[in-house]
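Values reported hereafter were calculated over all heavy atoms of this structure, with side chains retained and with hydrogens, waters and symmetry mates removed.
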Amino acid sequence: MSDNIWGYQPTTGYTAGIDLIGYKVEATDGGIGKVDKHSDDVGSSYLVVDTGVWIFGKHVLLPAGTVQSVDQNERKIYVALTKDEIKDSPEFDKDKHVGDAGYHEQVGSYYQTRRSI
């Protein structure tokens with residue numbers, strides 16, 4: 001995972017400005033959903049993933065630093081997290097959490113404690 005949890009690493013293959021909406025997201029142990037929203041703002045890049053029926057339609061926010069690679073041909077994003085780590089993450093609510101610095105900090109802390117970065 002990245003030293004900067006909120007930034008894409010150059011080795012991921014991500015190019016700023018590419019629309020990732022609809023890309024499938026793959027955890028280390030299988031698929032978890034699709035990208036519903038994303039941001040590539042410097043120092044605050046993230047993916048919002050709709051997990052669909054896998055965990056009852058929960059949306060989760062994944063910091064860009066959790067991304068291992070982006071396969072533009074296959075339209076897939078691989079993250080350095082297990083399904084359980086994602087399932088247990090703080091739920092994202094677009095009506096409450098957009099622009100909420102406290103939520104942003106909570107999510108960053110959660111993922112930083114899951115992996116040594």
Side-chain angles (χ1 to χ4, degrees):
M1 227 181 283
S2 165
D3 287 338
N4 172 10
I5 195 84
W6 299 105
Y8 289 98
Q9 290 301 296
T11 56
T12 63
Y14 174 72
T15 304
I18 291 177
D19 185 4
L20 300 175
I21 294 173
Y23 275 51
K24 292 180 181 177
V25 180
E26 298 283 330
T28 58
D29 54 353
I32 58 146
K34 291 185 178 180
V35 175
D36 188 49
K37 177 181 165 110
H38 72 97
S39 167
D40 58 9
D41 293 343
V42 174
S44 185
S45 299
Y46 61 82
L47 306 170
V48 175
V49 179
D50 179 353
T51 61
V53 296
W54 177 64
I55 49 177
F56 308 108
K58 180 177 176 179
H59 284 79
V60 294
L61 188 136
L62 301 180
T66 65
V67 173
Q68 287 183 315
S69 65
V70 176
D71 185 331
Q72 293 178 30
N73 293 329
E74 295 290 322
R75 293 183 51 86
K76 288 186 179 180
I77 298 170
Y78 296 87
V79 295
L81 301 163
T82 66
K83 289 180 177 184
D84 282 341
E85 288 171 322
I86 295 165
K87 182 177 97 175
D88 294 339
S89 70
E91 187 166 0
F92 176 78
D93 181 333
K94 67 181 177 186
D95 296 326
K96 294 180 185 175
H97 297 132
V98 172
D100 180 343
Y103 174 76
H104 197 86
E105 186 176 317
Q106 177 188 10
V107 169
S109 294
Y110 173 82
Y111 286 114
Q112 287 175 326
T113 61
R114 296 301 172 270
R115 299 266 189 237
S116 61
I117 56 175

Review point. Looking at side-chain heavy atoms only, is the closest gap between Q72 and I18 below 4.5 Å?
Key: yes
Point to revise | Heavy-atom pair with the smallest gap, counting every atom of K58 and I86 | key: NZ-O, 4.3 Å
Review point. Side chains of V67 and Y78: does their closest heavy-atom pair fall under 4.5 Å?
Key: no
Check your understanding: Partners of S69 by side-chain hydrogen bond (donor to acceptor under 3.5 Å, both in side chains), sequence neighbours excluded?
Key -> none
**Study point:** Which atom of V35 lies closest to which atom of V25, heavy atoms considered
**Key:** CG2-CG2, 3.7 Å
Check your understanding: Under 3.5 Å, is there a donor-acceptor pair between the side chain of K76 and the main chain of Y23?
Key -> no
Point to revise | Aromatic plane relationship, Y14 with H38 - under 30° parallel, 30 to 60° tilted, over 60° perpendicular | key: perpendicular
Review point. Taking R75 for the side chain and I21 for the main chain, is one N or O donor matched with an acceptor at less than 3.5 Å?
Key: yes
Review point. Between V79 and L62, is a side-chain contact (heavy atoms from CB on, under 4.5 Å) present by the stated rule, with each step listed?
Key: CA-CA 9 Å; V79 295; L62 301 180; 4.1 Å; yes
Review point. Would you say T82's side chain and E85's backbone share a donor-acceptor pair under 3.5 angstrom?
Key: yes
**Study point:** Contact summary for P63 and I5, nearest pair of heavy atoms
**Key:** CB-O, 2.9 Å
**Study point:** Side-chain donor or acceptor of K37 paired with backbone N/O of L61 under 3.5 Å
**Key:** no
Check your understanding: Can you check whether G17's main-chain N or O pairs, donor with acceptor, with D40's side chain at less than 3.5 Å?
Key -> yes
**Study point:** Step-by-step side-chain contact (heavy atoms from CB on, under 4.5 Å) determination, T11 to Q68
**Key:** CA-CA 8 Å; T11 56; Q68 287 183 315; over 6 Å; no
Point to revise | S89 versus Y111, closest heavy-atom pair with distance | key: CB-OH, 3.1 Å
Exercise for review: Answer yes or no: is there a donor N or O on one side and an acceptor on the other, between the side chain of S45 and the main chain of V42, under 3.5 Å?
Suggested key: no
Point to revise | Side-chain heavy atoms of L20 within contact of V70, under 4.5 Å | key: yes
Check your understanding: With distance as the sole test, does E26 use its side chain to make a donor-acceptor pair with the main-chain N or O of G31 at under 3.5 Å?
Key -> yes
**Study point:** Any donor-acceptor N or O pair under 3.5 Å, side chains D41, S39
**Key:** yes
Review point. Quick one: does D50's side chain get under 4.5 Å of K34's, heavy atoms only?
Key: no
Review point. What pair of heavy atoms forms the shortest contact from Y8 to Y46, and how long is it?
Key: OH-O, 4.2 Å
Exercise for review: I would like to know whether D36 and V49 meet side-chain contact (heavy atoms from CB on, under 4.5 Å); could you show each step before the answer?
Suggested key: CA-CA 5 Å; D36 188 49; V49 179; over 6 Å; no
